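If you're wondering where the values come from, they're calculated on a predicted model, not measured in any experiment. Only heavy atoms go into these numbers, but all of them, side chains included; no hydrogens, no water, no symmetry mates. Each ligand, and each atom within it, is numbered from 1 in the order the structure gives.
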Amino acid sequence: MTGSSPLARNYSPLPVTIADGSGAWVTDGDGRRYLDFLAAYSAVNFGHGHPALIAAAQEQLQRITLTSRAFDNDRLLPFAEALTSLAGKQMMLPMNTGAEAVESGIKVARAWGYRMKGVAPDRAEIIVAAGNFHGRTTTIVGFSDDPQARDDFGPFAPGFRTVPYGDIDALRSAIGENTVAVLIEPIQGEAGVVIPPEGYLRAVRETCTRNDVLFIADEIQSGLGRTGATFECDNAGVVPDVYLLGKALGGGIVPVSAVVADEAVLGVLRPGEHGSTFGGNPLAASVGLAVVRLLETGEYQDRARHLGELLGDRLRSLVGRGVTAVRSRGLWAGADIDPALGTGREVAEDMLARGVLVKDTHGQTLRFAPPLVIGQDDLEWALDRFDQVLAARRNSVPSASHDGR
Ligand SMILES: *Cc1c(COP(=O)(O)O)cnc(C)c1O
């Protein structure tokens, strides 16, 4: 980069500048097309420019877009009714970004701890998992164990305790009288689509119930269709006390997030204790309602499940041929690239050159998360490109040990 971009350098984007998009495809300024295999970290689950979502946004743009919560708007209640019914909960708190939903969940859990559980003032503790990603605010990065996310951003808020992800015994022994909540991702997305052991989420549920502790599921990336179910917790057969939702809830159009829980939990909030200028605005609520309507059909969850089998099978067939491990659930996969072939970033750049947008995470992992509207042909086309990229790298690195020759 030549010195003087006016953009802060908190990202290092792949070298493509997107100008347009439709469905699973995007186009750069020169008219080159790329298949979007990231879907804005699952914020674009329904594809670019989904007609029903664009229509909801356009219709609302003509009417009114922002009222603040000082007044009610006629879109918010219908959105709240639809979302709570989709989630099987009684209440929702509308916010904007995912990090705000997480922060709101933390505040609600603490207030619940003091007011309902009787935890001594300022002693509430929330248990989180190693390898977590819950957003970028100072409180949230304070309980991250990723040095890139944390270093030089302290001092951090107290009140969090970290246990290894997927280890139920560690979780059980970390719970004390001041524990108010366990906050985990049902699948750790940023960590590389890390799936906990079978039975873990059920054991978390039981442990929380037995100890009068809230189970907060951060489904901001895993939820809303991605894993072949409305929530990844559905796949695991568990119901958390609190869902944190975001990303796809805004249909790829506006930031929309929410805390969804029963009244016994969210009912602790009193007027004036929490808020957001933009949270629950009519435009966001219209788009959010349209998103819930899409999910009510079950069609996108089914697509994710069926196409996900293809994605998982194809990726697993590459283990030993440039890929060292694959983790997948629904239309969501992490594939670890054999370091002998290069870094995740290098492979992502090769994929870009062949017309597929993927993003590396944590050095060697590529995350695959195409929009759920992707056609099977396009999915297979992209996986063919991945096959070719790995083959080219295997051939140019004769010392690579896993090519079977
Ligand atoms: C992306 C993400 C967040 C943060 O969402 P933002 O909208 O970027 O603030 C929180 N939790 C999980 C699991 C996420 O994937």
Side-chain angles (χ1 to χ4, degrees), residues 8 10-11 13 38-45 93-109 126-146 148-150 153 160 162 165-166 181-196 201 204 215-227 229-233 235-236 240 242-260 276 278-281 284 287-288 291 327 329-334 359-362 365 367-369:
N10 56 328
Y11 282 88
L38 179 66
Y41 307 95
S42 287
V44 185
N45 274 3
L93 166 72
M95 298 295 288
N96 310 283
T97 65
E100 284 177 309
V102 175
E103 290 276 355
S104 305
I106 291 168
K107 287 173 72 173
V108 166
I126 294 174
I127 298 175
V128 298
N132 70 71
F133 181 87
H134 296 288
R136 299 293 197 167
T137 64
T138 50
T139 292
I140 292 171
V141 299
F143 58 84
S144 165
D145 53 12
D146 176 359
Q148 266 197 324
R150 280 177 69 91
F153 300 126
F160 300 94
T162 306
Y165 187 62
V182 173
L183 165 61
I184 52 169
E185 299 155 86
I187 289 177
Q188 290 188 328
E190 295 304 305
V193 191
V194 175
I195 301 173
L201 295 175
V204 171
F215 175 6
I216 306 178
D218 181 346
E219 294 250 21
I220 289 167
Q221 196 166 157
S222 59
L224 309 183
R226 174 57 55 190
T227 63
T230 303
F231 305 107
E232 172 55 16
C233 282
N235 284 330
V242 179
Y243 291 103
L244 305 179
L245 303 176
K247 291 203 166 102
L249 193 55
I253 299 174
V254 281
V256 185
S257 68
V259 180
V260 186
S276 161
F278 288 92
N281 72 73
V287 173
V291 164
R327 299 162 298 277
R329 180 85 90 229
L331 205 48
W332 201 23
K359 180 71 173 64
D360 54 296
T361 182
H362 293 279
T365 301
R367 176 179 17 190
F368 295 83

message: So for ligand 1, is Val102 a polar contact partner (N or O within less than 3.5 Å, distance only)?
response: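 No; the residue has no nitrogen or oxygen that sits under 3.5 Å from a nitrogen or oxygen of the ligand.
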message: Would Glu190 count as a polar contact of ligand 1, with the cut-off being nitrogen or oxygen pairs under 3.5 Å?
response: no
- request: May I ask you to decide if the ring planes of Tyr243 and Phe231 are parallel, tilted or perpendicular, using 30° and 60° as cut-offs?
  value: parallel
message: Strictly below 4.0 Å, N to O, side chains only: are Arg226 and Glu232 in salt-bridge contact?
response: no
Around [atom], find the nearest protein heavy atom and jot down its residue, atom name and distance.
atom                   : result
atom 4 (C) of ligand 1 : Ala99 N, 3.7 Å
atom 1 (C) of ligand 1 : Lys247 NZ, 1.5 Å
atom 6 (P) of ligand 1 : Gly98 N, 3.4 Å

query: Does ligand 1 have a heavy atom under 4.0 Å from the side chain of Phe133, from its backbone, from both, or from neither?
result: both
task: Please report the closest heavy-atom contact between Val141 and Phe153, naming both atoms and the distance.
output: CG2-CB, 4.5 Å
- request: Assess the side chains of Gln188 and Arg327: does a donor N or O sit below 3.5 Å from an acceptor N or O?
  value: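 No, no side-chain donor-acceptor contact under 3.5 Å.
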- prompt: Using a distance-only test with no angle check, is there a side-chain donor-acceptor pair under 3.5 angstrom linking Glu103 and Thr137?
  reply: yes
- prompt: Numbering the atoms of ligand 1 from 1, which are under 4.0 Å from a heavy atom of Asp218?
  reply: 10 (C), 11 (N), 12 (C), 13 (C)
task: Check the surroundings of atom CZ in Phe133: do more than 12 heavy atoms from other residues, nucleotides or ligands lie under 6.0 Å from it?
output: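 Yes.
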